[in-house]
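Heads up, the thing below is written out as structure tokens.
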Amino acid sequence: MGSTLFTISVVLLSILVGIYQFSIKPKLDVFGVGRAVEPVGTRECVTVPDVQACEKIVLHQPTGILYLACSTPSSRTHWVPSMDQLNATGASFSDYVATYNPKNKRITRLEISNYNSYRGLSLHGMDVVPSSSNSKELFVYLINHRAPLGGREAPKVGADTSIEIFKTSTGSPKLVHQATIEDSLLISPNDVVGSPDGKSLYFTNDIGKKTGIARSLLEFWKPSSSIVYCDIERGCKYSASNMLGNNGITKGKNDTFYVANARAGQLRVMEVQADNTLVLTDVISTDRPIDNVSVDEDGVVWAAGFPKTFAMLEYMRNLAIPPPSSALKFAINTGPAAFYGEKFKVEKAFEDDGALVPGATTVVHDSLRGLLFFHGICAPWLTVCQYKK
Ligand SMILES: *[C@@H]1O[C@H](CO)[C@@H](O)[C@H](O)[C@H]1NC(C)=O
Ligand SMILES: *[C@@H]1O[C@H](CO)[C@@H](O)[C@H](O)[C@H]1NC(C)=O
Ligand SMILES: CC(=O)N[C@H]1CO[C@H](CO)[C@@H](O)[C@@H]1O
């Protein structure tokens, strides 16, 4: 009898160890539990404190000017709909887009014109796209997390997110409103890729439901994240669904889309079809969850990676301890491994303990000028580093 119990205990224990080894430990490893942070590339950096809590930065490559979608760190601790932070009282609805010119170090807060909504701007993802008909003209696409209308409470119904399209031109201090996109498929919009005619876009829903703590846990079992295509005249439709952890999205020079998975360490490569659906062609695994992604002039994909995910999640509720940051680059593999099917080479190009770059959620590389830019959802400053290829 005793030995049967012993056998059963041993079997149960080995099952638990197995579950830990194969299912829980890999997740804890990806989330950075026990990971040591090793500084890389932190020597030649400066910080620019006049722009804060910029969720997304986009480089205008020809001029080297950076566009930033910014807020205030304290309002982020109350209002980040995708993180179930839905205290509309604490939200900022006077968020702004700024430009930063690294040449003269000038910051310009762009003035909003032709946008009369009293519902304001509460910013998150952004894209800035030169117009196909006039390269000096730029379309700016903004995810705008509005509070719900009619006295409805955000914790119950979620944010009433819209996508706002503005027009500007290089060097202009103004953003002129063009259109507001509202649609039932705007469930939990996160990031956006806009078209060069100012009339259509793709955006990620990071999750398939607007509210509920349980929605987050269920994701690993039944993923509900998606990508949606919208046309300002014809409305919105799904481009891809049942995905996990969609977050940052960006488009390469050809029609290749790159989509970060913020719940697992993965970059998804997708090709656009004639009907605006997206088909998965590659999945590149990384050792940490990644966030907002960008592509540089050489076609290299850059992603902000969280060395310590739990520290990052804590920072978004309590600004006391700045979490570490890193930048991963995904380059086309030209080495021998390409022969065995490894199309991309993943490399850690930057890592910091959080003192210089507190909780980066967005990284952009100016390959022509040798600069790396970092910002973060709650970060108190922009960080600009020299980067040699
Ligand atoms: C919501 O934000 C307001 C304004 O910052 C704050 O006073 C209040 O305590 C917050 N409520 C919760 C539940 O955190
Ligand atoms: C586009 O570029 C990416 C990266 O260079 C490559 O993997 C992909 O196959 C290209 N797609 C097409 C349709 O040419
Ligand atoms: C635009 C975008 O992709 N934003 C994401 C960047 O990172 C933060 C922090 O994880 C996310 O909350 C955003 O959704």
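Ligands are counted one by one from 1 in listed order, and the atoms in each one are counted from 1 as well. Predicted, not measured: the structure shown is a model, and the values here were computed from it. FYI, side chains are in, hydrogens and waters are out, and symmetry mates aren't considered; it's all heavy atoms of this structure.
- His60 is linked by a ring-ring contact (aromatic ring centres under 6.0 Å, His included) to nothing, counting only residues two or more places apart in sequence or in another chain.
- Atom 9 (O) of ligand 1 lies below 4.0 Å from none of the non-hydrogen atoms of the protein.
- Checking Asn87, Thr89, Leu86, Thr77 against atom 14 (O) of ligand 1, the nearest heavy atom belongs to Asn87.
- For atom 4 (C) of ligand 1, the nearest non-hydrogen atom from the set Ser92, Gly90, Ala88 belongs to Gly90.
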If you look only at distance, which donor and acceptor atoms sit under 3.5 Å apart when one is on a side chain in residues 36-52 and the other is two or more places apart or in another chain?
unit_1: Glu38; atom_1: OE2; unit_2: Lys348; atom_2: NZ; d: 2.5
unit_1: Gln52; atom_1: NE2; unit_2: Pro380; atom_2: O; d: 3.1

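- Here the protein heavy atom with the shortest distance to atom 5 (O) of ligand 1 is His78 NE2, 3.5 Å.
- With respect to Lys199 and Glu233, no salt bridge is recorded, no charged nitrogen being found less than 4.0 Å from a carboxylate O.
- With respect to Asp160 and Arg119, a salt bridge is recorded, a charged nitrogen being found less than 4.0 Å from a carboxylate O.
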